[in-house]
J.: 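Just dropping this structure here.
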2 protein chains.
Amino acid sequence: MSETKLPRPTDGELAILRVLWARGDSTVREVHEALTRDEPEGTGYTTVLKLMQIMTEKGLVERDESQRAHVYRPRATEQRTQRQLVTDLVDRAFGGSPARLAMQALSSKKTRPEELAELRRLLDTLEGGEE
Amino acid sequence: MSETKLPRPTDGELAILRVLWARGDSTVREVHEALTRDEPEGTGYTTVLKLMQIMTEKGLVERDESQRAHVYRPRATEQRTQRQLVTDLVDRAFGGSPARLAMQALSSKKTRPEELAELRRLLDTLEGGEE
DNA sequence: AGATGTCAACGAAGCCCTTCGTAGATGCGG
DNA sequence: CCGCATCTACGAAGGGCTTCGTTGACATCT
C-alpha cells in the first residue's frame, strides 16, 4: 500500500484543508486571505505559514517550490479525509456503529428533503446489494 | 439558561466518559480498572485521577465527595455529547450538511441490516412530518 | 544600485493535554 | 497506637498546537 496513514488534522489544519479543497492548490497568501475573509481578526499570515509548513512535515499537504511563492496541495481528497474523521468518531463515541452516528446527525439538525431523498437512495443500494 | 455549554471532551476525556455512561457513576479506581481492562499498559491510576479532576473543573463531570473515594457522574448524557460532537464535525468538515456526514458514515463501514432498517424508519419520520 | 515589498524560515512563547512522582490525609487490621 | 493500603492533591515535565516577531532571501520599480 502506497498510502501511509495520515494523521488526524487538527481544527486549524482542517480549516486550511477546506480552503485548499475549495480553491484548489494555493499559496500561503491565498489561503490566508481566504481565511481572513471568512473570519476577520482571525490568524496572522505567519501563523498560517507555520501551520502549512508543519502540515507539510506531517504529510497532510505537499508543496511545489518551483515558484517563489510555494504552492500547496492537499495529499488526501476531501472525501478520504471525511471518511477518516467519521470512522474515528464512530469508534471514539458511537461504539463502532456508523448507523447510530448517522441517526444522531439527522436528528440534530434539520436537513433538506432533497438530501434526505439522496440518503434514501443510498440506503436502497446498501440494503439491495448484499456482499 | 442553566445549561452552560460544555467544552468538547478530548480523546482521553471521552474514554472516561464512556466508562461512566456504561457503568454509571463510578470512583476513579473503578474507571481506571475498566480502562486498563480494555487496554492493558494503558494509563496509570494518577493519570486517570488527574484527568477526572480536570474534567470536574471543566464541568464535564460532577463529583460526590461525601465518601472517601469520590464518586464521579457525567454532567451530560451520552446522547447530548454525541449530538455535540456530531454537529461540531458537521460544521468543521462537512460544510454544515448532516446528510453528507450520514452518507459518509454509512459508506465507510458496513452496517447491520437491522440498523439500516431503523435508519430507514427515522427517514420516514423526517420526510413525513416535515413541513 | 537602492528602496520597497513579498516571501520562507526559524525560534520562542504560551497554552493545553497527558503522564507520573511524591506528599499528605484517611481508614483498617493487628 | 503503629504500620499498611488507599485515596486525593499538587506540581512538574514533556509534547503538541498556535501564535507571532524577526531575519534573510529575493523580486520589482525607479
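Note that the structure is predicted; figures quoted are calculated from it, not measured.
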J.: Can you spot which of B/L122, B/L101, B/V86 makes a side chain to side chain contact (heavy atoms under 4.5 Å, CB included) with A/L106?
T.: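 Only match with A/L106 under side chain to side chain contact (heavy atoms under 4.5 Å, CB included): B/L122.
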J.: With no hydrogens and no angle check, just 3.5 Å: does a side-chain donor-acceptor pair link B/T56 and B/E62?
T.: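 Not at all, the side chains of B/T56 and B/E62 share no donor-acceptor pair under 3.5 Å.
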J.: Across the strands shown, which category fits B/Y45 at heavy-atom distances under 4.0 angstrom: base, sugar-phosphate, nothing?
T.: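 B/Y45: base contact, heavy atoms under 4.0 Å.
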J.: What nucleotide, of C/dC20, D/dC7, D/dT18, holds the atom closest to the side chain of B/T47?
T.: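 Of the options given, the side chain of B/T47 lies nearest C/dC20.
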J.: Using a cut-off of 4.0 Å on non-hydrogen atoms, how would the nucleic acid contact of B/L51 be classed: base, sugar-phosphate, or nothing?
T.: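 Contact class for B/L51: sugar-phosphate only.
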J.: Around A/E65, counting heavy atoms of other residues, nucleotides and ligands shown, do more than 12 lie under 6.0 Å from its CD?
T.: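 Atom CD in A/E65 is crowded, with more than 12 foreign heavy atoms closer than 6.0 Å.
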J.: With a non-hydrogen cut-off below 4.0 angstrom, is B/T10 in contact with a base, only sugar-phosphate, or nothing?
T.: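 Contact class for B/T10: sugar-phosphate only.
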J.: Could you tell me whether A/T43 contacts a base, only the sugar-phosphate backbone, or nothing, with contacts defined as non-hydrogen atoms closer than 4.0 Å?
T.: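 A/T43: backbone/sugar contact only, no base atoms under 4.0 Å.
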J.: Once you round it to whole Å, what is the distance between C1' of C/dC7 and CD of A/E33?
T.: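 For the pair A/E33 CD and C/dC7 C1', the rounded distance is 13 Å.
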J.: Which nucleotide in the list D/dT18, C/dC17, C/dA8 gets nearest to the side chain of A/H70?
T.: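 When the side chain of A/H70 is considered, C/dA8 is the closest of D/dT18, C/dC17, C/dA8.
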J.: Should B/R63 be listed as having a side-chain N or O under 4.0 Å from OP1 or OP2 of D/dA9?
T.: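 Yes, such a contact exists.
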J.: Report the distance from atom CE of B/M52 to atom P of D/dC10, rounded to the nearest whole Å.
T.: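 Between P of D/dC10 and CE of B/M52: 17 Å.
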J.: If I take atom CD1 in residue B/I54 and atom P in nucleotide C/dT19, what distance separates them, rounded to the nearest angstrom?
T.: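 Rounded to whole Å, this separation is 11 Å.
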J.: Could you tell me the separation between the CD atom of A/E57 and the P atom of D/dG15, rounded to a whole number of Å?
T.: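 In whole Å, D/dG15 P and A/E57 CD are 16 Å from each other.
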J.: Check the distance between C/dA8's C1' and A/M55's CE and give it to me in whole angstrom.
T.: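 Computing the A/M55:CE to C/dA8:C1' distance gives 17 Å.
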J.: On a plain distance test, is the side chain of B/K50 in donor-acceptor contact with the base of C/dG21 below 3.5 Å?
T.: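 In this structure, the two groups form no donor-acceptor pair.
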J.: Should A/D124 and B/R120 count as an ion pair when the cut-off is N to O under 4.0 Å?
T.: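 Counted as a salt bridge, because a side-chain N and a carboxylate O are separated by less than 4.0 Å.
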J.: C/dT6, D/dG21, D/dC7: which one has an atom nearest the side-chain heavy atoms of A/T46?
T.: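 Output: D/dG21.
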J.: Which heavy atom of A/Q82 sits nearest to which heavy atom of B/A93, and what is that distance?
T.: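 Taking every non-hydrogen atom into account, NE2-O, 3.0 Å.
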J.: Please state how far atom CG in A/L49 lies from atom C1' in C/dT6, giving the value in whole angstrom units.
T.: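 Value for this atom pair: 12 Å.
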J.: Taking the side chain of A/R68 as heavy atoms from C-beta outward, which of C/dT18, D/dA25, D/dT6 is closest to it?
T.: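 Within the option list, the nearest is D/dA25.
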J.: Mind checking if B/Q53 touches a base, just sugar-phosphate, or nothing, with heavy atoms under 4.0 Å?
T.: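 Contact class for B/Q53: base.
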J.: D/dA25 P sits how many Å from A/E65 CD, rounded?
T.: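 Rounded to whole Å, this separation is 17 Å.
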J.: Could you check how far CG of A/D11 sits from C1' of C/dC16, rounded to whole Å?
T.: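 Atom-to-atom, A/D11 to C/dC16, this comes out as 13 Å.
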J.: Is there, by distance only and without an angle test, a donor paired with an acceptor across the side chain of A/R29 and the base of C/dT6 below 3.5 Å?
T.: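 Absent.
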